[in-house]
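Below is one structure; the comments refer to it alone.
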Protein chains: 2
Amino acid sequence: MKKIDILKKLRSSKLRPTKQRVEIAKFLFEREKTFHFTVESLNKLLLKKSISKIALATIYNTVHAFKAAGHLSEVEVRGNKTYFDTNVSNHHHFYDSENSELIDIDANEIVIQKIPKAPNGKKIKNVEVFINLKN
Amino acid sequence: MKKIDILKKLRSSKLRPTKQRVEIAKFLFEREKTFHFTVESLNKLLLKKSISKIALATIYNTVHAFKAAGHLSEVEVRGNKTYFDTNVSNHHHFYDSENSELIDIDANEIVIQKIPKAPNGKKIKNVEVFINLKN
DNA sequence: TTTCACTTTAGAATAATTATAAACTAGATT
DNA sequence: AATCTAGTTTATAATTATTCTAAAGTGAAA
């Protein structure tokens, strides 16, 4: 993803392209593979990579803004920290609790044959499958 | 579940049946349906029900001891608090984010037809399906 | 270039959970 | 039954993740 696209991405989602947002967006979205992270890990990685220090609160703000704009998805994982995923398409996850690692599984890699109907008055929003791993 | 069974349950899992543990165990396990809770909600409910006050730290200790002994399972839910479930059999969940409610789904209510193989050197521990609900 | 709503920032505040260390107790030993 | 001891409870402090606050900074419209 080029710089111009990052700017488009931000503008189209009504996020003013500030220095910090562009820097974080470049770091998150200018990569081939999808990327899983917590705010803490992202902060550490940004500290290593960048010249300018970005406040932790800004990283929280920015990540949540990207999530609200649909550029990041939040992944529920057992544990204390919140994980985010640059893959915002409908998909599933392997979760390796040994090293707290998430691995994406394409939606078409899992086929569900039978599923219960939603309770009274509710509808199914989406289905998420977690395959927990062991050694 | 009778009181004698609670004592057996605790003894068989090498948990000394203290007053607090018996009280919490009775509250959690002497019921028909499975029960979902957070430490906070359990604390509030115990305060209402019981005569004796149990320290919050003891509730954390006890819930984790029950989990370690296999009497409770931990459910991963998006959000800040940790949910526990008195249903320790292999099963799945509806999650209603409107009111943060979990509903059990029996293992045989969901049939998965196709599943990817585990990554190099890893094995599949278990598969958890979350059906997220909307109105 | 001026203006102003939006943003960033450091630090304080909050909330969930875990650690600490002193007092307590179940159950074994005498 | 009295004593002992390792395991347990408790109040409180500490820690950790996250959110709030309010002052200073900044994109971009006019």
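Note on naming: letters A, B, ... go to the chains in the order of the sequence lines (proteins, then strands), and numbering restarts at 1 for each one.
Of the two residues near DNA chain C, B:L56 and B:K19, the one whose nearest nucleotide lies more 5' is B:L56.
Candidate nucleotides D:dA11, D:dT9, C:dG27 were compared by shortest atom distance to the side chain of B:P17, and C:dG27 ranks first. Listed nucleotides: D:dT18, D:dT8, D:dT10. Nearest to the side chain of B:T18: D:dT8. Listed nucleotides: C:dT8, D:dT18, D:dA11. Nearest to the side chain of A:V39: D:dT18. The nucleotide whose nearest atom lies closest to any side-chain atom of A:E40 is, among C:dA19, D:dA17, C:dG11, D:dA17.
Look at CD1 on A:I59: it is 12 Å from P on D:dT18, rounded to the nearest Å. Going from atom CD1 of B:I54 over to atom C1' of C:dT25 covers 15 Å, rounded to whole Å. Per the geometry, CG belonging to A:L7 stands 12 Å off C1' belonging to D:dG27, to the nearest Å. Following rounding to the nearest Å, A:L10 (CG) and C:dC6 (C1') show an atom-to-atom distance of 14 Å. Remark: C1' of D:dT9 and CZ of B:R16 are 11 Å apart, rounded to the nearest angstrom. Between B:H64 atom NE2 and D:dT8 atom C1' the separation is 17 Å, expressed in whole Å. Distance, B:K14 NZ to C:dG27 C1': 16 Å, rounded to whole Å. Taking atom CZ of B:R11 as the reference point, atom P of C:dA26 lies 11 Å away to the nearest angstrom.
For the 3.5 Å distance criterion, the side chains of A:H36 and A:N87 fail to qualify, holding no donor opposite an acceptor. A:D104 and A:H91 share a side-chain donor-acceptor pair at under 3.5 Å.
A donor-acceptor contact shorter than 3.5 Å links the side chain of A:S12 to the backbone of A:K8.
Phosphate proximity of C:dT17 to B:Y60: present, with a side-chain N or O under 4.0 Å from OP1 or OP2. In this structure, A:R21 reaches the C:dT7 phosphate: one of its side-chain N or O atoms is under 4.0 Å from OP1 or OP2. Phosphate contact (OP1/OP2 of D:dG25, side-chain N/O of A:Q20, threshold under 4.0 Å): absent.
At a threshold of 4.0 angstrom between heavy atoms, the contacts of A:T58 include nucleobase atoms, whether or not backbone atoms are also involved. Counting any heavy atom pair closer than 4.0 Å across all strands shown, A:T38 reaches no nucleic acid atom.
A salt bridge does not link A:E109 to B:K114: none of the charged side-chain nitrogens sits closer than 4.0 Å to a carboxylate oxygen.
Atom CG of B:N120 has 12 or fewer heavy atoms from other residues, nucleotides or ligands within 6.0 Å.
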